[in-house]
Amino acid sequence: MALGMLAAAQGVDPAQLLHPPADSWLTFHGDYSGRRHSSLKQITPENVAELKQIWSFRTGNQQIKASPILANGILYITTPDNIWAIDARTAKQLWHFQNPPNNAFHIGHRGAAIYKDTVYLTTPDCHLIALDAKDGTVKWDVVIADSAKGYWSTNAPLVVRNHVLVGVSGDFDNLPGQLKSVDADTGKTQWIFYSTLLPGMKEPAGAAEPASGGATGGQMWNTGTYDPELNLVFVGTGNPTPVLNGTMRPGDNPWTCSIVAVNPDTGKLAWGFQASPHDTHDWDAAEVPVLADAEFNGQPGKLLMQASRNGYFFVLDRTSGKSLLTVPFATVNWSKGIDAQGRPIPNPAKFPAKDGVLVAPNESGATNFRPPSFDPKTGLFIVSAQDGYGIYFFKPEHGAYGWAGADYGVAGRAFLRAIDYRTGKIVWNHPIGDGAGTAGVLTTDTGLTFSGDVSGNVMALHSSDGATLWHYNIGRSGNAPITYELDGKQVLLVGGGGSLYAFALP
Amino acid sequence: MQQTLWFAAAVVIALGVGLAQDSTDQAVNQGKAKGSKGTNAARGTNARGRGAPRDPTQSPASTPEPKTVTPQTYPAEQVQAGEQRFVAQCGFCHGRDAGGGETGPDLMRSELVAQDLRGDKIAPLLKQGRAGQGMPAFDLSDADVNAIVAFIHDQKTKSEALGGGRRSVDASDFATGDASAGRAYFNGAGGCSGCHSTTGDLEGIATRYRGLALLERMLYPTAGRPAPARPKATVTLASGETISGTLASQDEFTIVIRDASGDRQMFEKKLVQYKIDDPMSAHFDQLGKYTDADMHNVYAFLDTLK
């Protein structure tokens, strides 16, 4: 513990986030690329079957849906209103901070962020709290959105230099989508990017003007990625509101269901790409915009890839936002084709209707919050996917506020699915049960894919063909596994239920 | 109809003897969708014998809102406290007003809520959850549980006074199909008559289910009466002995069979041969074949079976 405290006192230089050391996992995604691909090589396809649980840590609290972060030998794990600091060597709690009870939604929490000697926690009631990484004392506490209006936050902030980027959620009310940059040292707001605006709302200086056609929404609840060369942050935006009633918000409703590229110093929009123009099915494009520098069509490419909740896999040129590839990766029946800009064209026959329409995917989507992984060695983008169907209803009596309609999932099948990023072809498809998965994906350089099935098994698969090499039942997989090397030992860390489970070779 | 779950070739070479133990502590994931909740009900809650099958009137919005059996009132302060806890813990799925949210049912239409008296049914459900249907167990103090119960009943009292439903889907909304075209599809292209009979299992179905409940049951039945056909499973041990029964649960690694005596037996898949016939996979496949017109026509046809 003394060692841990000493190390923590050194702090995390934000420049370290550009090249995270092997004994760390400094951000929600592990690094800025969102690839969740580790270069660690101790655990291999040959020895992975020997993995043993080396410790577990019980929060005694709600489900862990967060990715832990690890800095200077201390793990930080969150649930709504809570963060724990754990000595990564002894699995002993160093401190625990609890936000006061509040009325906002407590559906889950994605994780913390770190900068120098400060750890950042968003709360359901939309506070951003800066805590001393050593002892958990509050340095400052600022409000990032008005939770009384219906905003809440599950967000794991993204730190870029001295910017702490935080997003919020808010689907049950007609609220503009906002991403806020907060000064890492002082908590002062630096800028706000609005993906949509309330009618008549004045945009703040520096923000791009979206012409959202009367839509609100487009919440940026997931953690973005960052390209230091382009100095652009890439974030996925959520669905428009009202959610199922599209009649009062004509047009494409930018920048809802979009990937946006924003300058982290100014909050200015560089470009936007709409994954679902005029969405009426709650299909956020908030899924991780994964970055890779890789060959595409014989040319070196600065790529951005997203497996989107609407069932399409997108590859974009991230310098411009121009589409390179749009291919379905799951069952879809809502589109009439792909337009010249690479966007699926919604079929009005599949808009929610009074007598109901049968739509694939269902509301929970072809994928969702579960982070995918890109393995640059195999060129495989591996995602927790669902083939599912739902029925969608809308009639004028449902109104134009919040959900404004009704929808019911019918059935779904869950898979881990490996997509060739060059073609969108499914290279392998590993069934993980009925419904939708809850676990994200981690890949490693030795050719391993770690994830979970719907029955609570943590699994190691062969990345090249999806064959199962190891499994261990923890009751429920909560989020993507992470890995790091500490004192010469590679550790696999998974959240399940209210606990963290650590695995290593004997 | 021979269908296999999960694997096209669900037969593995026998190597040894299966393990005979229970798997009740395996959590079943529900994802976020109402669909996954329903899907897993068949293989989660029912298969494990946890609680009664979901009553078909419990969530569908088209059925009348069940009346509170025993009217109850609660102090305003408790209702207020309950609202705070409810919104925070339950609101995302069930809606801030308990009238249905992003993933969970409208509690105003819940039979369990209608029958509840001062938490005798709601409190145990909160504490245990419904693993098979996506509802987690909540670790709440008795005071919080009681307050949430108070809020739900208070909302229900108000809702019964107002009538209607925020996210209602009425049986009359569905009156767009052509019953004769539906009959033709049922007996022809849809292949429904291969497993179902209008004078057998579906006789009088429209008297038991209306509106959304009937549509949901038609698309993918998960519970209710008659109970949807459960997958049949047969395991062959290395010794040649076979165990047959209904599939209680399975994952990639284990299979649990409820045998003729009602016992559940668990086997490690890699150590046995096994075969699963799941009639429900035909329903899943059909979801990819229906046009919306087919769906509405078959619904209209089933709605004539009174």
Side-chain angles (χ1 to χ4, degrees), chain A residues 60-63 101-107 124 171-172 282 331 333 349 353-358 360 362-364 368 386 388-391 393 395 397-398 403 405-414 431-438 453-457 459 468 471 473 475-477 497, chain B residues 6-7 25-40 43 59-61 83-85 87-89 91-93 95-96 100-103 134 136 139 166-169 173-177 212 215-216 219-220 222 249-253 280 283-284 287-288 290-292 295-296:
Chain A
N61 199 262
Q62 305 182 42
Q63 300 270 348
N102 57 79
N103 300 344
F105 287 147
H106 285 55
I107 63 163
D171 254 13
F172 293 80
D282 191 29
T331 306
N333 73 359
K354 184 174 183 180
D355 60 352
V357 287
L358 184 62
N362 60 25
E363 178 203 314
S364 83
N368 203 310
Q386 180 190 211
Y389 298 85
I391 32 178
F393 299 90
K395 52 187 176 183
E397 298 92 299
H398 287 139
W403 207 263
D407 69 280
Y408 297 85
V410 174
R413 301 282 186 265
I432 52 171
D434 289 353
T438 51
D453 70 7
V454 304
S455 304
N457 293 298
M459 300 154 72
T468 308
H471 70 101
N473 198 296
R476 182 185 169 97
S477 302
Chain B
W6 290 25
F7 301 102
D25 61 349
Q26 284 183 17
V28 177
N29 149 72
Q30 304 348 302
K32 288 182 64 190
K34 293 174 208 78
S36 55
K37 185 175 57 197
T39 307
N40 282 293
R43 288 186 252 301
S59 80
E83 178 172 13
Q84 294 182 358
R85 302 316 294 150
V87 170
Q89 300 296 333
F92 181 77
C93 293
R96 284 189 296 238
E102 177 148 343
T103 55
D139 187 14
R166 179 164 57 88
R167 297 174 64 182
S168 66
V169 180
D173 295 342
F174 293 93
T176 57
L212 181 61
L215 183 68
E216 287 187 312
L219 293 172
Y220 200 84
T222 55
S249 66
Q250 68 161 340
D251 63 11
E252 183 176 329
F253 312 103
M280 289 305 299
H283 270 264
F284 190 82
L287 296 173
Y290 285 119
T291 64
D292 288 309
M295 176 176 80
H296 292 128

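The chains referred to below are lettered A, B, ... by the order of the sequence lines, with proteins before strands, and numbering in each begins at 1.
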**Q** Using heavy-atom distances under 4.5 Å, tell me whether A353(A) contacts chain B through its side chain, its backbone, both, or neither.
**A** neither
**Q** Once rounded to the nearest 0.5 Å, what's the spacing between atom CG of N103(A) and atom CZ of R85(B)?
**A** 8.0 Å
**Q** Checking the side chain of H296(B) only, and the main-chain atoms of D355(A) only, is there a donor and an acceptor separated by less than 3.5 Å?
**A** yes
**Q** Supply the atom-to-atom distance L212(B) CG to F393(A) CZ, rounded to the nearest 0.5 angstrom.
**A** 5.0 Å
**Q** At what distance, to the nearest 0.5 angstrom, does CG of D453(A) lie from CD of E252(B)?
**A** 7.0 Å
**Q** Can you name the nearest heavy-atom pair linking V87(B) to F105(A), along with the distance?
**A** O-CD2, 3.1 Å
**Q** Using non-hydrogen atoms only, which part of A104(A) is less than 4.5 Å away from chain B: side chain, backbone, both, or neither?
**A** backbone
**Q** For the atom pair CD1 (I391(A)) and CG (L215(B)), what is the distance rounded to the nearest 0.5 Å?
**A** 4.5 Å
**Q** What is the distance from atom CG of N473(A) to atom CG of D251(B), rounded to the nearest 0.5 Å?
**A** 7.0 Å
**Q** Taking every non-hydrogen pair under 4.5 Å, which of N102(A), T331(A), T468(A) racks up the most with chain B?
**A** T468(A)
**Q** Assign the ring pair F92(B) / F172(A) to parallel, tilted or perpendicular, where the plane angle (0 to 90°) is split at 30° and 60°.
**A** perpendicular
**Q** Can you name the nearest heavy-atom pair linking A406(A) to V169(B), along with the distance?
**A** CB-CG2, 3.9 Å
**Q** Quick one: what part of D171(A) sits under 4.5 Å from any heavy atom of chain B, side chain, backbone, both or neither?
**A** side chain
**Q** Would you compute the distance between atom CG of D292(B) and atom CG of N333(A) and round it to the nearest 0.5 angstrom?
**A** 7.5 Å
**Q** If every non-hydrogen atom of Y389(A) is compared with every non-hydrogen atom of G288(B), which pair is closest and at what distance?
**A** OH-CA, 3.2 Å
